[in-house]
Protein chains: 2
Amino acid sequence: MKSEETRTHLNREQVLAAATALVKQHGPQALTMRKLAAELGTAVTSIYWHVGNRESLLDALVERTVADLGEIHPTGHTPEQRVVSVARSLRRQLREHPHLVAMVHERGLTERMFLPAQQVLVHEVHAAGLRGARAADAVRAVQVHVVGHVLVERNRERAPVQRPGEEELWSGRTAEQDPALARALARPVDPEALFTTSVRALVSGLLGRGNGPGT
Amino acid sequence: MKSEETRTHLNREQVLAAATALVKQHGPQALTMRKLAAELGTAVTSIYWHVGNRESLLDALVERTVADLGEIHPTGHTPEQRVVSVARSLRRQLREHPHLVAMVHERGLTERMFLPAQQVLVHEVHAAGLRGARAADAVRAVQVHVVGHVLVERNRERAPVQRPGEEELWSGRTAEQDPALARALARPVDPEALFTTSVRALVSGLLGRGNGPGT
DNA sequence: ACCTGAACACCGTTCAAGT
DNA sequence: ACCTGAACACCGTTCAAGT
């Protein structure tokens, strides 16, 4: 729609696009104002006119990425299955945008990552029979669990392989009684499986019986 | 024990102590090699001789702080109560060292925060009757849940109060059906209560019946 | 309204030179 | 063995000056 020849002036849109590209390639710490200017072929100071400063540039990128995340559609027959499916979808979406997670953490905006699944979760939790504050707690518990899990996962991934001393721990009493446990803990973690296990347990605990309103 | 007059030479110990003090006061991002040198009254380059570089300095601080965390003693009568108590102790310990959390995340060493509670959790989960890979999964699920929760909490705390647009979400269908839910979600989160709720649900789901070995 | 270069106040790190 | 200053290659941001 917009002829390429008319780009006489730099544009907020162009700045955001170039910034997005930089972040996509090398993560948010590679997004420096000077590299960005070089990429755009302008003076560093021009960028400041369009986006204020680095902080608000990152904010804009976060907002944009969150808006692009796409909807979440629950699957499954029971409410429990459907909430679990929402959790897994949210995790998958966040993992598909690893730079979002990094940016959000650098900027302290974790809340933003809660949004995509929120309405759906409210609906499903309501369908499961939870009401009022109890329902709100359940929604938040699932959200924090998913986002927290993704943060830990991402962190583990960029850590060097080193986990020295872990094995020594399993030479203790308990491990001798249960060598299978010792071996299982020595093996590397399968994050996908661990997530499924924990989220199933959490949701079952949140929605299951024995959790009726405190009478 | 060590006379103060004999400090002719700078010391790795002194560097670590000064670095710890700096981090304690203003967080890890305030720990710059130059400020550290100024604090110690030496040239910046001397520090490099003792600790290599900033990265390994942070690693050393992390290691030291983790070692100082102190033991965790479960309380309660049922295995479920005891695992929950371990989770809450671990969370409290991590929250008492907010800079550890920040440093660990900056350095990608989240694993380190798993250690303090690990043996205790293994023991309690074993006492609850879980064995082998199933027990290992339970231990890890609790660890990730706690650490993830603390990461999200810390993030929320350093974020500005802004959560714009949240309220609009609750004007939807579901909220109209359940005004108490809408109000609950509009209220600020009580992290302590939310943690307790979620960890109880998780542990109950992990240890509860209906989770017997897949027959 | 938008762009520019110069300048300020910072960084981490290396290295040759000192004792 | 330990310390030093100078230097390199970076940062984000401000500001006066241009068109």
Side-chain angles (χ1 to χ4, degrees), chain A residues 2-23 25-62 99 102-103 105-109 158 160, chain B residues 2-23 25-62 99 102-103 105-109 158 160:
Chain A
K2 200 175 63 180
S3 104
E4 298 212 354
E5 298 164 357
T6 22
R7 65 165 194 76
T8 41
H9 272 353
L10 189 59
N11 196 327
R12 181 182 161 93
E13 193 51 42
Q14 294 168 34
V15 175
L16 291 183
T20 306
L22 268 182
V23 168
Q25 286 168 36
H26 307 101
Q29 89 289 5
L31 173 61
T32 77
M33 304 303 267
R34 294 175 130 98
K35 272 187 205 144
L36 188 52
E39 205 73 26
L40 289 163
T42 58
V44 205
T45 42
S46 305
I47 296 171
Y48 283 81
W49 199 92
H50 289 284
V51 297
N53 53 24
R54 187 171 181 274
E55 288 249 306
S56 44
L57 172 55
L58 276 177
D59 282 350
L61 292 186
V62 166
H99 300 311
M103 276 163 40
H105 204 88
E106 189 185 333
R107 290 285 301 114
L109 296 169
R158 73 190 175 90
Chain B
K2 200 175 61 180
S3 105
E4 298 212 354
E5 298 165 357
T6 22
R7 65 163 194 76
T8 42
H9 274 353
L10 189 59
N11 196 328
R12 181 183 161 92
E13 194 50 42
Q14 294 169 35
V15 175
L16 290 183
T20 305
L22 269 182
V23 168
Q25 286 169 36
H26 308 102
Q29 89 289 2
L31 172 61
T32 76
M33 303 304 267
R34 293 175 131 98
K35 272 187 206 142
L36 188 52
E39 205 72 25
L40 289 163
T42 59
V44 206
T45 43
S46 305
I47 297 171
Y48 284 80
W49 199 93
H50 288 284
V51 296
N53 54 24
R54 188 173 181 272
E55 288 249 306
S56 43
L57 172 55
L58 276 177
D59 283 351
L61 292 186
V62 167
H99 300 310
M103 275 164 42
H105 204 88
E106 189 185 333
R107 291 284 303 114
L109 297 168
R158 72 189 176 92

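Reminder, nothing fancy here: chain letters follow the sequence lines and each chain counts from 1. Keep in mind that the numbers below use all heavy atoms, side chains included, and drop hydrogens, waters and symmetry copies.
Side-chain atoms of A/Asn11 and A/Leu16, non-hydrogen and from C-beta on, never get closer than 4.5 Å to each other. Side chains of B/Leu109 and B/Leu58 form no contact here, defined as non-hydrogen atoms less than 4.5 Å apart. In this structure, the side chains of A/Leu31 and A/Leu61 come closer than 4.5 Å at one or more pairs of heavy atoms.
To the nearest whole angstrom, the two C1' atoms, one in D/dA16 and one in C/dC3, are 13 Å apart. The same atom, C1', is picked in C/dC11 and in D/dA7; the two are 14 Å apart, to the nearest Å.
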Sugar-phosphate atoms are those with a prime plus P, OP1 and OP2; base atoms are the rest. Using that split, label each nucleotide of nucleotides 4-10 of chain C B, S or - for protein heavy atoms under 4.0 Å, 5' to 3'. BBBB---
What do the steps show when you test B/Ser56 against B/Asn53 for side-chain hydrogen bond (donor to acceptor under 3.5 Å, both in side chains), and what is the final call? CA-CA 6 Å; B/Ser56 43; B/Asn53 54 24; 2.9 Å; yes
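A distance of 11.0 Å separates CD in A/Gln14 from CG in A/Leu36, rounded to the nearest 0.5 Å. In this structure, A/Arg12 CZ and A/Trp49 CH2 are separated by 11.0 Å, a value rounded to the nearest 0.5 Å. Taking OG1 from B/Thr32 and NE2 from B/His26, the interatomic distance works out to 12.0 Å, rounded to the nearest 0.5 Å. Separating the OG1 atom in B/Thr42 from the CD1 atom in B/Ile47 is a distance of 5.0 Å, to the nearest 0.5 Å.
Across B/Gln29 and B/Arg54, no two heavy atoms sit closer than the pair CA-NH2, 4.3 Å. In terms of heavy-atom proximity, A/Pro28 sits nearest to A/Met103 at CB-CG, 3.7 Å.
Here D/dC3 presents its C1' atom at 8 Å from NE2 of B/His9, a figure rounded to the nearest Å. Taking atom CE on B/Met33 and atom P on C/dC11, their separation rounds to 12 Å, with Å as the unit. Spacing between atom CD of A/Glu106 and atom C1' of D/dC11 amounts to 13 Å, rounded to whole angstrom units. When rounded to the nearest whole Å, the span between CZ of B/Arg12 and C1' of D/dA1 equals 16 Å. In this structure, CD1 of B/Ile47 is placed 15 Å from P of D/dC2, rounded to the nearest angstrom.
Under the ring pair (Phe, Tyr, Trp, His ring centres under 6.0 Å) criterion, B/His99 pairs with no residue, sequence neighbours left out. Every residue two or more places apart in sequence or in another chain was checked for a ring pair (Phe, Tyr, Trp, His ring centres under 6.0 Å) with B/His50, and none qualifies.
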Pairs under 3.5 angstrom, nitrogen or oxygen only, protein versus nucleotides 16-19 of chain D, please.
none

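Listed by residue number, the members of residues 49-62 of chain B with any heavy atom below 4.0 angstrom from DNA chain D are B/Trp49, B/His50.
Salt-bridge check for B/Arg34 with B/Glu39: failed, with every basic side-chain N at 4.0 Å or more from each acidic carboxylate O.
For DNA chain D, each stem of at least three Watson-Crick or G-U pairs (distances under 3.5 Å) is given as range with range: C:4-8 with D:12-16, C:12-16 with D:4-8.
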